[in-house]
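Take a look at the structure below.
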Amino acid sequence: MENFSELVKRRRSMRKFTEEELTQDEVVTLLKAALMSPTSKRSESWQFIAVDDKETLGKLAQCKAAGAAFVKDAALAIVVMGDPLLSDVWIEDASVASTMILMQAEDLNLGSCWIQVRERYTADGMPANEYIHELLDIPLQLQVLSVIAVGHKGMERKPFDESHLRWEKVHINKYREDNGNGNKQ
């Protein structure tokens, strides 16, 4: 990438992957990005499980009733967890790490997509967090926030179009309600 702004525009969620595996260097680079992500008070409350076993990826794809099936076709899934005993802001710490993985994947020209796990359920109504705990033998105190699916892009997506930015969502100095005609009150 030429610069961060271009990286932000190019990063789009990818749910279609080729069958090409990731190199060891690509996996290490993704995990380094996760491990370098900032945490509150340097707590490093996150932990990660890198899954590349096809059978396990297939089972991981069933962690939610909808919105995770494509994990079975990914070359890699990174399960992002946080430890509430280490930090009361483990959700924020794990969210930043998840974002770092997404951005690093794009920088490597790989596709990626965040699968939300916290507060989600399997098709049978089991909490997705519990399902993944059982599947991957995760210790009880760790909480799963997300699964990041990564692989070689199975399709091209256009970069984000800045003309669609919703500037009405930005407020300067204090919140101002939009009265519907574009004027702030």
Subject >> Rounded distance [0.5 Å steps], CD in Gln104 versus CG in Leu110 >> reply: 9.0 Å
**OP:** Using the salt bridge (charged side-chain N to carboxylate O under 4.0 Å, His left out) rule, collect all pairs that involve residues 142-157, keeping only residues at least two apart or in two chains.
**Re:** Glu106-Lys153
Subject >> Derivation and outcome, side-chain contact (heavy atoms from CB on, under 4.5 Å), residues Leu22 and Leu30 >> reply: CA-CA 11 Å; Leu22 300 184; Leu30 290 163; 4.2 Å; yes
Original post:
Between atom CG of Asp107 and atom CZ of Phe4, what is the distance when rounded to the nearest 0.5 Å?
Top reply: 10.0 Å
Original post:
Is the backbone of Glu21 close enough, under 3.5 Å, to the side chain of His152 for a donor and an acceptor to pair up by distance?
Top reply: yes
Subject >> Shortest non-hydrogen contact from Glu26 toward Leu108 >> reply: O-CD1, 3.9 Å
Original post:
Under a single-linkage definition using a 4.5 Å side-chain heavy-atom cutoff for Ile, Leu, Val, Met, Phe, Trp and Tyr, are Leu76 and Val79 assigned to the same hydrophobic cluster?
Top reply: no
Subject >> Side chain Asn129, main chain Val144, donor-acceptor under 3.5 Å >> reply: yes
**OP:** May I ask you to test the Leu102-Trp114 pair for a side-chain heavy-atom distance under 4.5 Å?
**Re:** yes
Subject >> Those residues that, when tested against Glu162, pass salt bridge (charged side-chain N to carboxylate O under 4.0 Å, His left out) (two or more places apart) >> reply: Lys9
Original post:
Partners of Arg42 by salt bridge (charged side-chain N to carboxylate O under 4.0 Å, His left out), sequence neighbours excluded?
Top reply: none
**OP:** Would you kindly confirm whether Val147 and Val96 end up in one hydrophobic cluster when ILVMFWY residues are joined by side chain heavy atoms under 4.5 Å apart?
**Re:** no
**OP:** Any chance you could measure Ile91, atom CD1, to Gln143, atom CD, to the nearest 0.5 Å?
**Re:** 9.0 Å
Subject >> Any side-chain heavy-atom pair of Leu165 and Phe160 under 4.5 Å >> reply: yes
Original post:
What's the shortest heavy-atom distance between Met81 and Ala94, and which atoms?
Top reply: O-CB, 4.3 Å
**OP:** Evaluate the side-chain proximity of Ser87 to Lys41: yes if any heavy-atom separation is below 4.5 Å, no if none is.
**Re:** no
Original post:
So if you build clusters from Ile, Leu, Val, Met, Phe, Trp, Tyr with side-chain heavy-atom gaps below 4.5 Å, do Trp90 and Leu136 land together?
Top reply: no
Original post:
With no hydrogens and no angle check, do the side chains of Thr23 and Asp25 hold a donor and an acceptor under 3.5 Å apart?
Top reply: no
Original post:
Any link between Ile148 and Phe17 through a network of hydrophobic side chains (Ile, Leu, Val, Met, Phe, Trp, Tyr) touching at under 4.5 Å?
Top reply: no
Original post:
Is there a side-chain contact between Asp124 and Tyr131 (heavy atoms, below 4.5 Å)?
Top reply: no
**OP:** Determine the minimum heavy-atom distance between Arg15 and Ser13, stating which atoms define it.
**Re:** NH1-CB, 3.7 Å
**OP:** Mind checking the CZ-OG spacing from Arg11 to Ser112? Nearest 0.5 Å is all I need.
**Re:** 5.5 Å
Original post:
Ignoring hydrogens and geometry, is there a side-chain-to-backbone donor-acceptor pair from Arg176 to His171 under 3.5 Å?
Top reply: no
Original post:
Where the side chain of His133 meets the backbone of Pro139, is there a donor-acceptor pair that is under 3.5 Å apart?
Top reply: yes
Original post:
Hey, any chance Ile49 and Leu31 share a hydrophobic cluster, counting ILVMFWY side chains that come within less than 4.5 Å of each other, even indirectly?
Top reply: no
Original post:
About how many Å separate CD of Gln62 and CD1 of Ile132, when rounded to the nearest 0.5 Å?
Top reply: 11.5 Å
Subject >> NZ (Lys54) with more than 12 external heavy atoms under 6.0 Å >> reply: yes
Original post:
Which atom names give the shortest non-hydrogen contact between Cys113 and Met14, and what distance separates them?
Top reply: CB-O, 3.3 Å
Original post:
Can you check whether Arg118's main-chain N or O pairs, donor with acceptor, with Gln116's side chain at less than 3.5 Å?
Top reply: yes
Original post:
Which heavy-atom pair separates Leu57 from Ala74 by the least distance, and what is that distance?
Top reply: CD1-O, 3.2 Å
Subject >> Contact summary for Thr39 and Trp46, nearest pair of heavy atoms >> reply: CG2-NE1, 2.8 Å
**OP:** Would you give the length of the straight line joining atom OG of Ser37 to atom CD1 of Ile101, rounded to the nearest 0.5 angstrom?
**Re:** 7.5 Å
Original post:
Judged by modelled atom types alone, do Ser98 and Ser146 share a side-chain donor-acceptor pair under 3.5 Å?
Top reply: yes
Subject >> Asp93 side-chain N/O to Ser40 backbone N/O, donor-acceptor pair under 3.5 Å >> reply: yes
